[in-house]
Amino acid sequence: MTQYWLMKSEPDEYGWDDLIAEKEGTWDGVKNAQASNNMKKMKVGDQVFFYHSRQGLEIVGIMEVSEEQFPDPFDDTGRWIAVKVKPVRKLNKAVPLKEMKQNPKLANLAIIRQTRLSVAPVTADEWEEILAMAA
DNA sequence: GCCAACGTTGGC
DNA sequence: GCCAACGTTGGC
């Protein structure tokens, strides 16, 4: 069964265009237990929304997991892991956080309930709802 | 740029 | 092992 996720990045640091340029990106530098646990559950083929935090505050595209957890190459402690992702497609219309907050069907969305969580699960229903908003 | 939320660290 | 201090994230 395909699982759905949402991952945040500041576009200044690493944005959608950077992922496109790289063709396959390494999602590293996640140093938060909850976010890391979510990354450990990811399987190849899982679908992931790419959200721009700080600047943009919107979901800009869809990517998919291309490699499951491996040790974060930039982490000296050995505690943290990374995954690899490939771009699937850019959304026709970016979906702003503001609109998601206004949508009652998305009231339980993990990133709304817990702002600072940078890697969060998305249910199949929420996934469909957000896709509909991007149409 | 500010500050609330929240995770981590370190002194006791 | 507790909890105050500190650091980081991310919406505003």
Side-chain angles (χ1 to χ4, degrees):
Chain A
M1 192 195 75
T2 307
Q3 303 177 100
Y4 301 102
W5 308 97
L6 179 147
M7 298 204 286
K8 295 181 181 181
S9 180
E10 298 189 31
D12 277 1
E13 291 289 321
Y14 188 86
W16 175 258
D17 292 340
D18 297 306
L19 178 62
I20 294 294
E22 279 196 314
K23 301 216 170 48
E24 182 177 37
T26 300
W27 213 272
D28 53 33
V30 175
K31 293 180 175 144
N32 169 279
Q34 245 186 305
S36 191
N37 283 338
N38 288 330
M39 284 169 69
K40 286 177 184 169
K41 292 180 199 158
M42 290 184 183
K43 300 291 178 195
V44 169
D46 280 2
Q47 302 292 109
V48 188
F49 282 133
F50 193 137
Y51 176 84
H52 280 173
S53 62
R54 296 281 291 168
Q55 284 95 30
L57 307 188
E58 58 192 10
I59 294 172
V60 290
I62 297 171
M63 48 194 175
E64 78 177 30
V65 177
S66 55
E67 188 174 330
E68 289 162 25
Q69 61 167 100
F70 58 94
D72 185 331
F74 296 101
D75 171 43
D76 301 331
T77 68
R79 293 170 61 195
W80 307 107
I81 55 106
V83 297
K84 286 190 182 180
V85 288
K86 285 180 178 167
V88 174
R89 67 181 172 90
K90 193 171 184 173
L91 295 180
N92 296 328
K93 176 186 161 303
V95 179
L97 178 67
K98 205 167 71 177
E99 286 183 24
M100 292 191 275
K101 282 187 169 176
Q102 284 165 359
N103 187 332
K105 289 178 186 166
L106 300 178
N108 289 320
L109 201 63
I111 54 155
I112 291 176
R113 297 173 70 94
Q114 200 179 344
T115 298
R116 291 176 65 255
L117 188 57
S118 62
V119 180
V122 176
T123 67
D125 287 347
E126 289 164 347
W127 182 269
E128 291 302 325
E129 186 61 26
I130 292 167
L131 281 186
M133 292 168 77

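Atoms considered below: every heavy atom in the structure, side chains included; atoms not considered: hydrogens, waters and symmetry mates. So you know, we letter chains A, B, ... as the sequences are listed, proteins then strands, and number each from 1.
Nearest nucleotide to the A/K8 side chain, out of C/dG10, B/dT8, B/dG7: C/dG10. You'll find that the side chain of A/Q34 is closest to B/dG7, out of B/dA5, B/dT8, B/dG7. With distances taken from any side-chain atom of A/A33 to the nucleotides C/dC12, C/dG10, B/dT8, the minimum falls on B/dT8. Among the nucleotides C/dC12, B/dG7, C/dG10, the one closest to the side chain of A/L97 is C/dC12. Here the side chain of A/K101 is nearest to one of B/dG7, C/dC12, C/dT8, namely C/dC12.
Nucleic acid contact for A/K31: none, since no nucleic acid atom lies under 4.0 Å from a heavy atom of the residue.
As a whole-Å value, the separation of A/E10 CD from C/dC12 P is 15 Å. Between the CG atom of A/N32 and the C1' atom of C/dT9 there is a distance of 10 Å, rounded to whole Å. Separating the CD1 atom of A/I111 from the P atom of B/dA5 is a distance of 18 Å, rounded to the nearest angstrom. Separating the OH atom of A/Y14 from the P atom of C/dG10 is a distance of 17 Å, rounded to the nearest angstrom. Remark: P of C/dG7 and CZ of A/R116 are 14 Å apart, rounded to the nearest angstrom. To the nearest angstrom, P of C/dT9 lies 14 Å from CD of A/Q55. The CG-P distance, from A/N37 to B/dG7, rounds to 12 Å in whole Å. Going from atom CZ of A/R79 over to atom P of B/dT8 covers 7 Å, rounded to whole Å.
Rounding to the nearest 0.5 angstrom, the gap separating the CD atom in A/E58 from the OH atom in A/Y51 is 8.5 Å. Atoms NZ and CG, from A/K101 and A/N103 in turn, are 13.5 Å apart once rounded to the nearest 0.5 Å.
Between A/F49 and A/W127, the distance from one ring center to the other falls under 6.0 angstrom.
If A/K98 and A/G29 are placed on DNA chain C by their nearest nucleotide, the residue sitting closer to the 5' end is A/G29.
In terms of heavy atoms, A/L117 sits closest to A/Q34 at CD1-CB, 3.7 Å.
Side-chain nitrogen and oxygen atoms of A/Q114 include none within less than 4.0 Å of the OP1 or OP2 phosphate oxygen of B/dA4.
Ring-plane geometry between A/Y14 and A/F50 is classed as parallel, the angle between the planes falling under 30 degrees on a 0 to 90 degree scale with a further cut at 60.
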